[in-house]
Each structure stands twice: as structure tokens, then as C-alpha cells.
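Structure first, then comments.
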There are 2 protein chains.
Amino acid sequence: MSLRQLEYFVAVAEEGHVGRAARRCYVSQPPMSRQIRALEDELGASLFDRIPQGMKLSAAGQRFMGYARDVLAAADRAREALREDD
Amino acid sequence: MSLRQLEYFVAVAEEGHVGRAARRCYVSQPPMSRQIRALEDELGASLFDRIPQGMKLSAAGQRFMGYARDVLAAADRAREALREDD
DNA sequence: AGTGTTTACGGCGACCGTAAATATG
DNA sequence: CATATTTACGGTCGCCGTAAACACT
């Protein structure tokens, strides 16, 4: 589980499309798709339901979302903690 | 900034030695040393004072520590959030 | 000399992007 | 056939570990 995977997960969940999420993260679809798959494999849970229109959060995905955002927010706070050196 | 770098950072801070931290994390010293350096470079702050006996947290490092632990704790909670599928 | 960190360097593995394949309406 | 995700695949970049170098007492 990497911070990048969590960023991708949140992007896909918010956009509902791998394609749009990929553009938003300045990456092409295949890496985005692979990272999501790798995250699901590692966690042993499918986070999305694949539907023809894109991807929709599964029940497990919805439960995971809040925790993923917490990690990313904590990481942002950590980075900013060192910017207070002015 | 990666989760692994934060784990290494906490390990070095707690052990006070790159060598001991490396053994604790089942890695050799050079990767440990490089990851710490890379983290410092990215954050633009030196997190440790290099002393002959090892490494000691700098003022910035002490300030960073709490935030680093928060990120790792949040990551653990995220992982466990999906284990409740029994 | 001995304890510690860091740099060189060869080799393996991860990851990206283009393009092709697969699936659904 | 249009839109979506996924797999193949070639190439690059990162990262590891051994060994050597460097710093301090």
C-alpha cells in the first residue's frame, strides 16, 4: 500500500472513471488501472464494482474511503509541519 | 514521501543508529541511509544530526516525528478497516 | 583499529506508455 | 461501433546488496 495508490483510489472513486482519474493525476489509464488492481490484491478486497460506464465504489470501497482520506490528510499535515521554518 | 520512508525515519529515530534500524527493518544500511537522505531532500529539511555515535533527531525531526507516526497509524487503521469482513 | 555513515556500482525488479485485446450497450 | 477497462510488451528508472570509501575517537 503506497500513498500513490491511495491518491489513485480516491481519484477513481471521485471521478467514477479510470480514464478521467488518470487525466486528473497526469498519468495514462494502464498505470492507474494496475495500481488500483494491485491495491485491491494487497488488501484482499475488491474496492470497486466494474460497470460498463466506469467504476463504482463497492461496500468495502466505501468503508475504505474515509480511512484513505485520513492517511492522505495526515501526509499533507506532515509535509506542512516542516514548512513552518520561515 | 513514501510510507516506507516514514517507517524508516521512525525506526532510525527510535534506534538512534542507521545500522540497528536497518536490521530491525530487515534491510541493509545503504538503502536505509539513502531513503532517509531522500526524505530529507524532498522535505527540504535535515531531520537528523549526524553524530559519531549515530544519528540524533534534529529540531525539525522532532517536530516531524509526531506527524510521521500519525500517517503510519492512519495507514494501519486503513488496512484493518477491510479485515472486518468476517 | 573500531564504530559509525555514506558513495560506487552491477544487477534485478517495478513502473510507465503505446498498442492491442476484451467486454458491454 | 463507441466507450470503458484490462493485458502485452518493450524500455527506462529506481532500488537493493556487496564492497569500498569516508569521518570520528
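Keep in mind the model is a prediction, meaning the values are calculated, not measured.
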(Q) What's the closest nucleotide to the side chain of A:R4 if the choices are D:dC15, C:dC16, C:dG4? (A) C:dC16
Q: Say whether, by atom type as modelled, one donor and one acceptor occur between the side chain of B:Q35 and the main chain of B:S2 under 3.5 angstrom.
A: no
Q. What's the OH-C1' distance between B:Y26 and D:dC16, to the nearest Å?
A. 18 Å
Q. Can you check the B:Q29 CD to C:dG4 P distance for me, whole Å?
A. 10 Å
Q) For DNA chain D, whose closest nucleotide is more 5', that of A:G54 or that of A:P30? A) A:G54
Q: Return the value, rounded to whole Å, for the distance between atom NE2 of A:H17 and atom C1' of D:dA2.
A: 14 Å
**Q.** Protein-nucleotide distance (B:M32, atom CE; C:dG4, atom P), rounded to Å
**A.** 15 Å
(Q) Please check: side-chain N/O of A:S58 versus main-chain N/O of A:D49, any donor-acceptor pairing under 3.5 Å? (A) no
**Q.** Atom-pair distance (CZ on A:R50; C1' on C:dT24), nearest Å
**A.** 15 Å
**Q.** Rounded distance in Å - CD1 (B:I36) to P (C:dT6)
**A.** 9 Å
Q. Would a distance-only check, ignoring hydrogens and angles, find a side-chain to backbone donor-acceptor pair under 3.5 Å from A:R63 to B:A81?
A. yes
Q. Where the side chain of B:P52 is concerned, which of D:dT25, C:dC15, C:dT6 is the nearest nucleotide?
A. D:dT25
Q: Tell me whether the OP1 or OP2 atom of C:dC15 has a side-chain N or O from A:R34 closer than 4.0 Å.
A: no
Q | Nearest-nucleotide 5' precedence on DNA chain C, A:S28 against B:Q53 | A | B:Q53
**Q.** Residue B:M55, side-chain heavy atoms: nucleotide from D:dT6, C:dT6, D:dC16 that is nearest
**A.** C:dT6
(Q) So if I take every side-chain heavy atom of A:Q35 and compare against D:dC16, C:dC15, C:dT5, which nucleotide ends up nearest? (A) C:dC15
**Q.** Short side-chain N/O contact from B:R37 to OP1 or OP2 of C:dT5, under 4.0 Å
**A.** no
**Q.** Donor-acceptor under 3.5 Å (A:Q29 side chain, A:G19 main chain)
**A.** no
Q. Does C:dT6 have OP1 or OP2 sitting under 4.0 Å from an N or O in the side chain of B:S33?
A. yes
(Q) Rounded to whole Å, how long is the line connecting atom CZ of B:F48 with atom C1' of C:dG4? (A) 15 Å
Q | Polar side-chain atom of A:H17 near backbone of A:Q53 as donor-acceptor pair, under 3.5 Å | A | yes
Q) Once you round it to whole Å, what is the distance between C1' of C:dC15 and CG of A:L39? A) 16 Å
